[in-house]
Amino acid sequence: DSGVTQTPKHLITATGQRVTLRCSPRSGDLSVYWYQQSLDQGLQFLIQYYNGEERAKGNILERFSAQQFPDLHSELNLSSLELGDSALYFCASNRGGMNAGELFFGEGSRLTVL
Amino acid sequence: AQSVTQLGSHVSVSEGALVLLRCNYSSSVPPYLFWYVQYPNQGLQLLLKYTTGATLVKGINGFEAEFKKSETSFHLTKPSAHMSDAAEYFCAVTSTQAGTALIFGKGTTLSVSS
């Protein structure tokens, strides 16, 4: 158990809809990272937050947005969903800063868009 | 920009045989390098990491990797494969530069046969 909690574990929705994925980081971790894992693209970095502020941005679509709240949990919002958005979305956390590489991953939220 | 290339999307070995998973990186600044493992239906967990110092790093479950700057490589090895090693392995790179996240390779699936 990494200490990172993601909900929901599974989500099935239709094209054009909007969903919100939630992540609670490990106790004491200030950084939250979102990754998308798909068969064709592999693990793609989406976005990082550190103590409520956006720290780094990767291949995140404009239809996607994220935020980190004062209690440090984070939400990833996916809108106008397309079939290609079907993937496993991982949240990871760490203390942040110079130790940025050692991430602790949740078990993921599997999104299926029909 | 940083990137990682994992040579071979699938590697098959017999139980007791040497495991060698290849990783090459590209980075314009000194890299931090990592290997993560993902078991089915689980999140990723850290196997080992290189930041500075000794170029041969040892990780969990008998795995080790050697950082070779001249070859821009960070190959993962284990002298004797075990059935429980069957999983997907990801090489990743980051740096100490602010705003740098962890960038993953596409992964290598390791199969171990008896």
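Predicted model only: the values in this text are computed from it and were never measured. Every chain is numbered from 1, with letters handed out A, B, ... down the list of sequences.
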### Message
Are A/Tyr89 and A/Leu114 linked, directly or through intermediate hydrophobic residues, by side-chain heavy-atom contacts shorter than 4.5 Å (ILVMFWY only)?
### Response
no
Problem - Heavy atoms of other groups near A/Leu39 CG, more than 12 under 6.0 Å - result: no
Taken to the nearest 0.5 Å, the spacing of A/Glu107 CD from B/Gln38 CD works out to 10.5 Å
The reported gap from CZ in A/Phe105 to CD in B/Gln42 (rounded to nearest 0.5 angstrom) is 13.5 Å
Turns out that what part of A/Asp40 lies under 4.5 Å from chain B's heavy atoms comes down to backbone
message: I'd like to check A/Gln37 versus B/Phe90 (side-chain heavy atoms, cut-off strictly below 4.5 Å). Are they in contact?
response: yes
**Prompt:** Do A/Leu72 and A/Phe69 sit in the same hydrophobic cluster, where Ile, Leu, Val, Met, Phe, Trp and Tyr count as joined when their side-chain heavy atoms come under 4.5 Å apart?
**Reply:** no
What do you reckon, is CZ of B/Arg22 surrounded by more than 12 foreign heavy atoms closer than 6.0 Å?
no
Ring pair (Phe, Tyr, Trp, His ring centres under 6.0 Å) with B/Phe104: of A/Tyr33, A/Phe90, A/Tyr35, only one passes, and it is A/Tyr35
- Query: Any chain of hydrophobic side-chain contacts (each under 4.5 Å) joining A/Trp34 to B/Leu44?
  - Reply: no
Could you tell me if the side chain of B/Tyr36 sits less than 4.5 Å from the side chain of A/Leu103, heavy atoms only? yes
Side-chain heavy-atom pair A/Leu43, B/Ile103 within 4.5 angstrom cut-off:
no
Notebook entry, point to check: Is the CG atom of B/Asn41 crowded by more than 12 outside heavy atoms at less than 6.0 Å?
Noted result: no
